[in-house]
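Heads up, the thing below is written out as structure tokens.
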Amino acid sequence: GVKIVTIGGGSSYTPELMEGFIKRYEELPIREIWLVDIEEGQEKLNIVGEMAQRMWDASPYDVKVHLTLDRREALKDADFVTTQFRVGLLDARVKDERVPLSYGMAGQETNGAGGIFKALRTIPVILNIVEDMKELCPNAWLINFTNPSGMVTDAIIRYGGWEKVIGLCNVPVMAMMTESKLIEKDPKELIYSFAGLNHFHWHRVQDLAGNDVTGQIIDKMYDEENGMPANIHGVPFFKEQLKQMNLIPCGYHRYYYRSEEMLNHMLEEYNDPNVGTRAQQVKQTEAELFELYKDPTLSEKPEQLAKRGGAYYSDAACETIASIYANKNTPIVVSTKNDGAVPDLDPEDVVEVTAYIGAAGARPIAFGSLEPAQKGWLQLMKNMELCVEEAAVTGDYGILLQAFIINPLIPSGETAIHVLHELLLAHKNHLPQF
Ligand code: NAD
Ligand code: G6P
Ligand code: MN
Ligand code: MN
């Protein structure tokens, strides 16, 4: 049987993961699941951990869910390690969002100054996890969901020297589900090709005869509600831009393609004491979810979890694990080493692309070069990520400053320096490298 270890087990997403494993048990015979958390997260771990065990007890399968604060005990002989942790919990995210907004800049979980600081807090922790894995489960696969998922996955390979890693995101899953509906097709009747970076990818779509249907989907996006992830405000893209590129951007591109409107929306919510930033809204949803999880009669994932941006996360995570385990070679959108799939970036760079997932990991499908308008963004954003990763590993202030200056959501100048210094101070306890 398979041993699964989930780091950040106290996450409200854990029932989503359990549901995905239960659904796939026949092809992925799990023996035990270890949910790992830290002292700060112990209460959440206990509540959601008992909920997870009830879900298995209500299923036909005999799986034991272990709860522990001892990561090393859990990692021993693991087959798959999944990560869904948040260094500093939601309070840290509140700071990532509020500090830049208080200076009139975008404040977002994975973008701009906040996204950079989430990477700075997370990368040292994930590299420690990798060191433990080298010792305790050298053959395991690491399935990373922890944000910023692309940078974290890149750092695992580049600085951790750990190649058996796959980075995941639910955004492509949601796009494939909603777009096939828009043109009244089954997702199986369409071929999706994704390329770019995590939270910064584009895709095109073909039918099974090889006809490009991207333009048809773009047209439909403008006459119907375009199923937005719950966490992103729905400012429409400029249609002429999308038609020009004949590619569909991801929801997060709004921060770059409609910066002005997105910033205004974020500032409006930030300034409205009844709304607040996304992190403050999520705190509320999380509290509601944990109230539900406490109910000893609840043994199914509650509907309210769909209020979180990461809905359908398990479709990516559990399908990836099942595909590796059973060598299924399923096409899945993952963060993995480019290896030539996007010739505009280095073969060593981690990109988010459609890839065949099997026993040997991810084999990215060639996408080809991008046109100048997309290529310019892509190269800028990847190199911004590389500066952030280097800063996270070395604690070098100069390279962090470079990341701030390059980042398109941070106007360069004195205000950027204030934001930088305030965030360094606010997150001091989680930034031992600085
Ligand atoms: P959360 O705030 O509930 O944190 C999850 C758990 O991580 C908490 O119980 C916390 O105590 C624990 N934790 C913190 N530091 C830890 C450490 N060093 N070791 C072990 N556990 C630790 O977070 P959440 O909202 O459930 O999100 C979890 C993570 O998943 C975040 O990084 C989030 O950005 C990410 N996420 C990714 C996607 C995606 O598409 N890839 C989607 C949704 C969420
Ligand atoms: C998604 C993204 C995640 C992100 C989440 C935020 O859909 O793929 O990477 O963490 O939304 O959702 P939240 O509910 O925490 O704002
Ligand atoms: Mn994501
Ligand atoms: Mn909103």
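Sequential numbering from 1 along the given sequence is applied to the chain's residues. Bear in mind the structure is a predicted one, so any value in this text is a computation, not a measurement. Atoms within each ligand, like the ligands themselves, are counted from 1 in listed order.
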Side chain, backbone, both or neither: the part of Lys44 lying under 4.0 Å from ligand 1 by heavy atom: side chain
Geometric class of the Tyr25/Trp56 ring pair [parallel <30°, tilted 30-60°, perpendicular >60°]: perpendicular
Arg71 heavy atom under 4.0 Å from ligand 1: no
contact_flag Arg308 ligand 1 heavy-atom lt 4.0 Å: yes
For Val171, atoms of ligand 2 separated by under 4.0 Å from a heavy atom: 8 (O)
Atoms in ligand 1 with a heavy atom of Cys169 nearer than 4.0 Å: 39 (C), 40 (O), 41 (N)
Nearest-0.5 Å distance that lies between atom CZ in Phe200 and atom CD in Glu352: 12.5 Å
Shortest protein heavy-atom distance from atom 19 (N) of ligand 1, along with the residue and atom involved: Ile38 CG2, 3.6 Å
Protein contact to atom 22 (C) of ligand 1 [nearest heavy atom, distance to 0.1 Å]: Phe85 CB, 3.6 Å
Non-hydrogen atom of Tyr13 closer than 4.0 Å to ligand 1: yes
Pair Trp202-Phe194, ring pair (Phe, Tyr, Trp, His ring centres under 6.0 Å): steps then yes or no: CA-CA 6 Å; Trp202 301 267; Phe194 283 75; over 10 Å; no
Pairing of Lys328 and Glu319 as salt bridge, 4.0 angstrom limit: yes
Element-labelled atoms of ligand 2 that are located less than 4.0 Å from some non-hydrogen atom of Arg278: 13 (P), 14 (O), 16 (O)
Shortest protein contact, atom 39 (C) of ligand 1 (heavy atom only): Phe145 CE1, 3.1 Å
Intermediate values then yes/no, ring pair (Phe, Tyr, Trp, His ring centres under 6.0 Å), His265 and Tyr255: CA-CA 11 Å; His265 177 75; Tyr255 292 105; 9.6 Å; no
For Ile410 against Ala416, the heavy-atom pair lying closest together: CG2-CB, 3.8 Å
Electrostatic pair Lys382:Asp154 at N-O distance under 4.0 angstrom: yes
Under 4.0 Å to a heavy atom of Thr146 - the qualifying atoms of ligand 1, by number: 32 (O)
Side chain Gln433, main chain Leu120, donor-acceptor under 3.5 Å: yes
Atoms of ligand 1 close to Gly41 [distance to a heavy atom under 4.0 angstrom, numbered from 1]: 11 (O)
Option whose closest heavy atom lies nearest to atom 6 (C) of ligand 1, chosen from Leu89, Asp37, Thr14, Val87: Asp37
Close approach, Tyr252 and ligand 2, non-hydrogen under 4.0 angstrom: yes
Heavy atoms from other residues, nucleotides or ligands near OH of Tyr312 exceed 12 (cutoff 6.0 Å): no
Distance filter under 4.0 Å to Cys169 heavy atoms, resulting ligand 2 atoms: 8 (O)
Sub-4.0 Å heavy-atom contact, His199 with ligand 2: yes
Test of ring centre spacing under 6.0 Å for Phe434 and Tyr397: no
Identity and separation of the nearest protein heavy atom to atom 34 (O) of ligand 1: Glu109 OE2, 2.6 Å
Side chain, backbone, both or neither: Val125 near ligand 1, heavy atoms under 4.0 Å: side chain
For Arg93, the ligand 2 atoms whose distance to one of its heavy atoms is below 4.0 Å: 13 (P), 15 (O), 16 (O)
Closest non-hydrogen atom pair between Val353 and Ala195, with its separation: CG1-CA, 4.0 Å
Minimum side-chain heavy-atom gap Ile166-Thr153 below 4.5 Å: no
Protein heavy-atom partner closest to atom 24 (P) of ligand 1 - residue, atom, separation in Å: Arg86 NH2, 3.6 Å
Close approach, Gln42 and ligand 1, non-hydrogen under 4.0 angstrom: no
For Val282, the ligand 2 atoms whose distance to one of its heavy atoms is below 4.0 Å: 13 (P), 14 (O), 15 (O), 16 (O)
Nitrogen or oxygen of Lys307 less than 3.5 angstrom from that of ligand 2: no
Glu286 with Lys44: basic N within carboxylate O range, under 4.0 Å: yes
Ligand-side contact atoms (ligand 1) for residue partner Lys118, heavy atom cut-off under 4.0 Å: 31 (C), 32 (O), 34 (O)
Arg71 with Asp132: basic N within carboxylate O range, under 4.0 Å: yes
Geometric N/O contact Gly309 with ligand 2, under 3.5 angstrom: yes
Ligand 2 N/O within reach of Arg86 N/O, cut-off under 3.5 Å: no
Under 3.5 Å: donor-acceptor pair, side chain of Thr14, backbone of Gly9: yes
SB check Lys283 Asp91 (cutoff 4.0 Å): yes
Numbered atoms of ligand 2 (with element) below 4.0 Å of Asn147, judged on heavy atoms: 3 (C), 4 (C), 9 (O), 10 (O)
Side chain, backbone, both or neither: the part of Arg308 lying under 4.0 Å from ligand 2 by heavy atom: both
Met174 contact mode with ligand 2 (heavy-atom cut-off under 4.0 Å): neither
Nearest neighbour in protein (non-hydrogen) for atom 26 (O) of ligand 1: Ser11 OG, 2.5 Å
Test item, Glu40 contacting ligand 1 (heavy atom, 4.0 angstrom): no
For ligand 1, the portion of Glu286 having any non-hydrogen atom under 4.0 Å away: side chain
Subset of ligand 2 atoms that lie under 4.0 Å from at least one heavy atom of Asn170: 1 (C), 2 (C), 7 (O), 8 (O)
Side-chain (Ser335) to main-chain (Leu168) donor-acceptor, under 3.5 angstrom: no
Contacting atoms of ligand 1, where contact means under 4.0 angstrom from a heavy atom of Gln84: 5 (C), 28 (C), 29 (C)
Top protein contact for atom 20 (C) of ligand 1, by heavy-atom distance: Ile7 CG2, 3.6 Å
Electrostatic pair Lys23-Glu19, nearest N-O below 4.0 angstrom: no
Stacked cation flag Arg93 on Phe117, 6.0 angstrom / 45 deg: no
Part of Leu168 with heavy atoms under 4.0 Å of ligand 1, whether side chain, backbone, both or neither: backbone
Euclidean distance, Asn198 CG relative to Glu385 CD, rounded to 0.5 Å: 7.5 Å
Polar atom proximity, Asn170 to ligand 1 (N or O, under 3.5 Å): yes
For ligand 2, the portion of Gln281 having any non-hydrogen atom under 4.0 Å away: neither
